[in-house]
**Q** 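So that we are looking at the same thing, I have put the structure below in structure tokens.
Here is how names work: the chains are called A, B, and so on, in the same order as the sequence lines, proteins then strands, and each is numbered from 1.
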Amino acid sequence: MRTRPLVVIAMVFAAGIAAAYYSSWPLSLIGLAVALAGVVLVLGLAFWSDGRGGPGGKTNSGEGNGGGGATGWSFLPGPLAPLLLAALFFFLGAAWGRLDLAQKRSSLLDDLDTYLDLIGRVTEEPRVYKNRTVYVLEAWEVRQGDRREAVREKVEVSVYRPRGEAHGADGSGRAENGTSVGTGGNSAATGPPYRYGDVLEIHGQLELPPTARNPGEFDYRTYLARRGVFTRMGVEPENVRLLGHRPASPFMELVCTAKARALAAIEGTLPPREAGILAAILFGDQERLEEEDVEVYRSLGVYHVFAVSGQQVGFVLLLALALARVFCLGAWGRFFLGAFLVLFYMSLTAFAPSVTRAGVMALVGLGAAAVGEENDSLSALAAAALAILFWRPYELLGPGFQLSFLATWGMIYLQPLLDDLLGFLPPWRRYLTATLAAQVAVLWHTALYFNIVSLGALLANLLVLPVIGAVTVLGLLLLFASLLLPALASSLALACGGLLYGLSESLAVLAGTPGVVLAVASPPWWSGLGYLGLLAALPELRLRRAALRPLFAAKRPALIFVLGLLPCLVLTAWRLAPGRPGILEVVFLDVGQGDATYVRTPAGTNLLIDAGGTPAGRKHTFDVGEKVVLPYLVRRGVKRLDLVVSTHPDADHLQGLFGVLRHLPASLVVLPPPSLFGQGYTEFLTFLCERGIPYREVTRGSLLQLEPELRLTVLHPPEPAPKDEAAGNGALSGSRRPDNNLSLVLKLERGEISFLFTGDLEAAGMTELLGACTPHDLKSTVFKVPHHGSPHGLEEPFLAAAAPRLAVIQVGRNEFGHPSPSVLRYWQERNIPVYRTDRDGAVTILTDGKKLIIRPFLSTL
Amino acid sequence: MMHLWRELCWGLRELLYPHEGRCPLCLGRVASDGPICPACKTQLFAWQYRYAPCTVCGRLLPRPGLCRDCRRERPPFLWARAAGPYEGALRRAIHRFKYAGRRYLARPLGHLLNAALEDAATVFHTELPPFDFIVPVPLHPRRQKQRSFNQAALLAAELAALRGLSLADSMVIRTRQTLPQVGLRRPERLANLTGAFAAVPGVTLENRRVLLVDDILTTGATLSACSEALLAAGASAVCAVTVATAFGRF
């Protein structure tokens, strides 16, 4: 890549940033490397500037090398100079990343989880969700009692909306301003009570944003940290007080006003669904999208329309050029007008990576026209990458950055190849090949981030792009009209709404087609490197195909066939890939307060023991099964659960299973005799019958020989007596919590290693079990501490019989005081390590029957 | 300081808009042996096998000699030469240069001008006359403002640097705005430009040889009008070189 130095620079810079993240090189060493490479380079540059001048300064012939200016590395012989330059930028990237990591610390960490007053300014346009409004506050001062401390840090503040109230009323003094345009009647149309530039005083508790708890989960804390936000606060409206209005920059004020007006026009005219889609297309605000639409757009591979990017910026640019023509502007006039409009639009969309990428590329393109150069898309892309990475280095690891750059790269780099291969099609194939190129380029990443490969993506994109193009044009006109002619804005919004309604409906039909989406497991990282490497090599291979002729003796259709087959093969490999052979994997998932354990057997059988759930009576209706357990299973590539175990019907064990079983088929559900639990299992059994999922009752002595070397034994509860069931288990039914004491106790054995899953068993159940079994039956290597570490599960003879090598407590934030200090002390006194999901996140245990490997997801130990 | 700043700007420009490895004419990839790709080079010199330039105006004829227009009335310039016919990749490159504002093309096109001049020398079996000045065909100030640059002046600057001659880009001016030559017929073109140029008052070119530079020669009307102005100012000989030329009638 001698011909595009900037591309090389961007790539090694990015590699340096990534290296700084994954390694622990000291900053001093990196600094030394930078200095060294820099000194040599500067010396070289000194020679370099001798050799060249401005335009026309060089006098070598047109046929000679570099009729244009000399490239930057002609000063050192051979391959040394490019290598040196690459090394310099690699270490610069590493230094920049390391500095950024060092800087990314909150100064408010001492003030967490205590009530305080925060004074600061709203620095971004607030985001309005259904139940809350989210502000990014630039905090100036922390007040607590008499303490006054000046700070300068961004904090995310969520103001929850009281249930059932329109939020126009929850502001303290801005309600009359907020309702300027909206008359649509829905509460969202009134806009947030505070806006950009407002100075607020907020009373509440600072906390760390939630982090990923299970492997592969979205990490909100990292996401916010990339944007320089480290803490958050959730407050009720009455804890927010407006102090004044002091916008940081009049430009942003203008931008936010324009956006608020456009949004008011959109939301006042359109029903919430279309309004949400239009807002997402125009401004990239995805918070108002309906969940079903997100699902449909994502599964069809057209979700990218909600990440403002090239298409929108392209239309802004067209508008700018049209205006420039109207005003008869010169080259630089065009540049400045275009740059202003593009920057204005970038500010509207809060500088998301995709729009920044498109914007920088547009600016580079405008610059090319202004200085009279040919625009080079790849170099422009590299410039955009450098700009973003310089500004926020760790966007590099975010999906938004990666998807946006890969798709664009595909369109620039792979499109000519596809165009060439599909040369037998009429000229409109450009449209097809561009879409296809982008899809191919992001294939691996969509598998990684969304666990899907959309087979309908090409078709859906061909359908979506023209409609979105039209909507974008209308929407941009709407944006400008809303500043000048509000009446016109409404009718434009109506036109957009009509188009979007039609589009969403037809997409919903398309998404309903069976087989349009393939669910795939998260691919391993090395396969991504291989895939992208192959893509990068393809055009080169084709260029040098004369040399490869013997390999590619086939004709063109055959080549296409091979190219098409390749992704299919890779996908099949993923689908068929079994777990690591011979390894039993047990994952204690972190589902908050509740139990959920995933087991993958050496032969690839999938077991799920409970799936968490929200304890009854909580006000949140967060479905742990659907939002935590199911996505985890999908990421692991589970297509069917071979065995599902429900230990007992408590909500924090059972409820999540509904969500999981709604989406994943199961071969068999195993549960203790439902008759023992009164009405506890009624709903679940009805659910199973409706779905036609077979279930079986198991009691003590049941044995499931899953595989030759893998046994699952049921130790508890005893079989109910035939006559009077309640009396038969008199001791247990009469105990403190009969449901808990009757929960299933399972032992999973593989070679010398065994796992004891104890459900919510308490003292009474343990005593009963101890009496009914030999101590050998209870002996285990890994012990799931019963009932989330409840003190009622501290029955020492039983625990002594289990005598595990390590204990796992599945527990989350709760009001019962789990895990009990006495339980923790018990294990500590015996020097047995305890892993807790509330502290360690998901705990993955791997075993080959002899050795144990323990991987707590959050390594806080 | 100014120098460093300039260097920096040029370096940045070079990074953002790299030239190397890309053919300036067709924008395709080139191997490392030259800026113009082999396909374009072949296309560029293919005319030499089938056409010969008119001895005077340089327009391409099926056989050597004078074209009909030159036989009827000799143009005021001594001779004119071009790098190739106004078609194909060259035509597209000139369009990008002139109308799409790709000013960087001045350099590769300047090299083509230089090559055309050297060819002219071999054709005449002589050394090139020692030119004293290189003069670009001027644009009317209003047109120049509209386009923000004068393509002929950029080409002339490149050529002057390549040949080590002095550039004189303010010796001739357009005295009135004319219609664009594009789309006019020969008589109209001639009429359109009559008296459109004049040497800047006070400039004397006694016994000076002048090389005129423009992008295209179609009828030669522009170059003729410009040459007349130069000759009127006292120049002893005027020759012309353009990037592209038209096909002439025998």
Side-chain angles (χ1 to χ4, degrees), chain A residues 1-10 45-46 48-50 52-74 328-335 360 363-365 367-376 378-380 382-383 386 416 539-540 543, chain B residues 3-4 6-22 24 27-30 32-36 41 83 93 96-97 100-115 118 144-149 151 154-164 167:
Chain A
M1 293 299 266
R2 177 180 53 91
T3 55
R4 291 196 173 94
L6 205 59
V7 174
V8 182
I9 289 174
L45 270 172
W48 177 39
S49 12
D50 283 350
R52 60 186 311 277
K58 275 192 73 141
T59 51
N60 59 353
S61 93
E63 315 292 305
N65 188 6
T71 43
W73 30 52
S74 46
C328 295
L329 295 179
W332 284 101
R334 267 204 300 276
F335 175 78
V360 173
L363 291 182
V364 171
V371 300
E373 293 282 351
E374 203 70 56
N375 191 26
D376 180 51
L378 274 183
S379 294
L386 278 174
E540 292 297 318
L543 210 67
Chain B
H3 176 72
L4 193 70
R6 234 174 100 95
E7 261 322 297
L8 210 68
C9 283
W10 271 95
L12 191 69
R13 192 165 155 172
E14 202 75 53
L15 274 179
L16 273 179
Y17 312 113
H19 294 141
E20 212 170 296
R22 185 145 71 159
L27 300 182
R29 258 169 73 140
V30 277
S32 51
D33 64 332
I36 294 176
K41 214 177 266 180
R96 284 191 297 123
F97 176 48
R102 307 290 183 219
R103 297 197 293 281
Y104 78 101
L105 284 171
R107 182 165 290 187
L109 294 180
H111 284 292
L112 288 179
L113 282 182
N114 193 28
E118 309 212 317
Q144 178 151 358
K145 197 173 167 223
Q146 200 179 10
R147 194 173 279 170
S148 85
F149 66 96
Q151 72 278 6
L154 294 181
L155 289 172
E158 285 295 331
L159 191 62
L162 284 172
R163 300 206 70 85
L167 176 71

**Q** Centre of F97(B)'s six-membered ring, under 6.0 Å away, within 45 degrees of the axis: is that where NZ or CZ of R102(B) sits?
**A**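 Verdict for F97(B): no cation-pi partner in R102(B).
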**Q** Please name all residues satisfying side-chain contact (heavy atoms from CB on, under 4.5 Å) with L15(B), sequence neighbours left out, ordered by chain then number.
**A**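 L15(B): side-chain contact (heavy atoms from CB on, under 4.5 Å) contacts with P5(A), L6(A), I9(A).
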**Q** Please determine, among L329(A), V364(A), V371(A), the option with the most heavy-atom pairs under 4.5 Å with chain B.
**A**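 Max contact count across the listed options: V371(A).
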**Q** Run the side-chain hydrogen bond (donor to acceptor under 3.5 Å, both in side chains) test against R22(B) and tell me which residues pass, sequence neighbours left out.
**A**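 None.
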**Q** Does E374(A) pair with R96(B) as a salt bridge, N-O distance under 4.0 Å?
**A**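 So E374(A) pairs with R96(B) through a salt bridge.
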**Q** Measure L4(B) against the heavy atoms of chain A and call it side chain, backbone, both or neither at under 4.5 Å.
**A**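 Answer is neither: L4(B) stays 4.5 Å or more from chain A.
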**Q** Examine whether an atom of A370(A) lies under 4.5 Å from a heavy atom of chain B, and if so say whether it belongs to the side chain, the backbone or both; otherwise answer neither.
**A**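 Just its backbone gets close to chain B.
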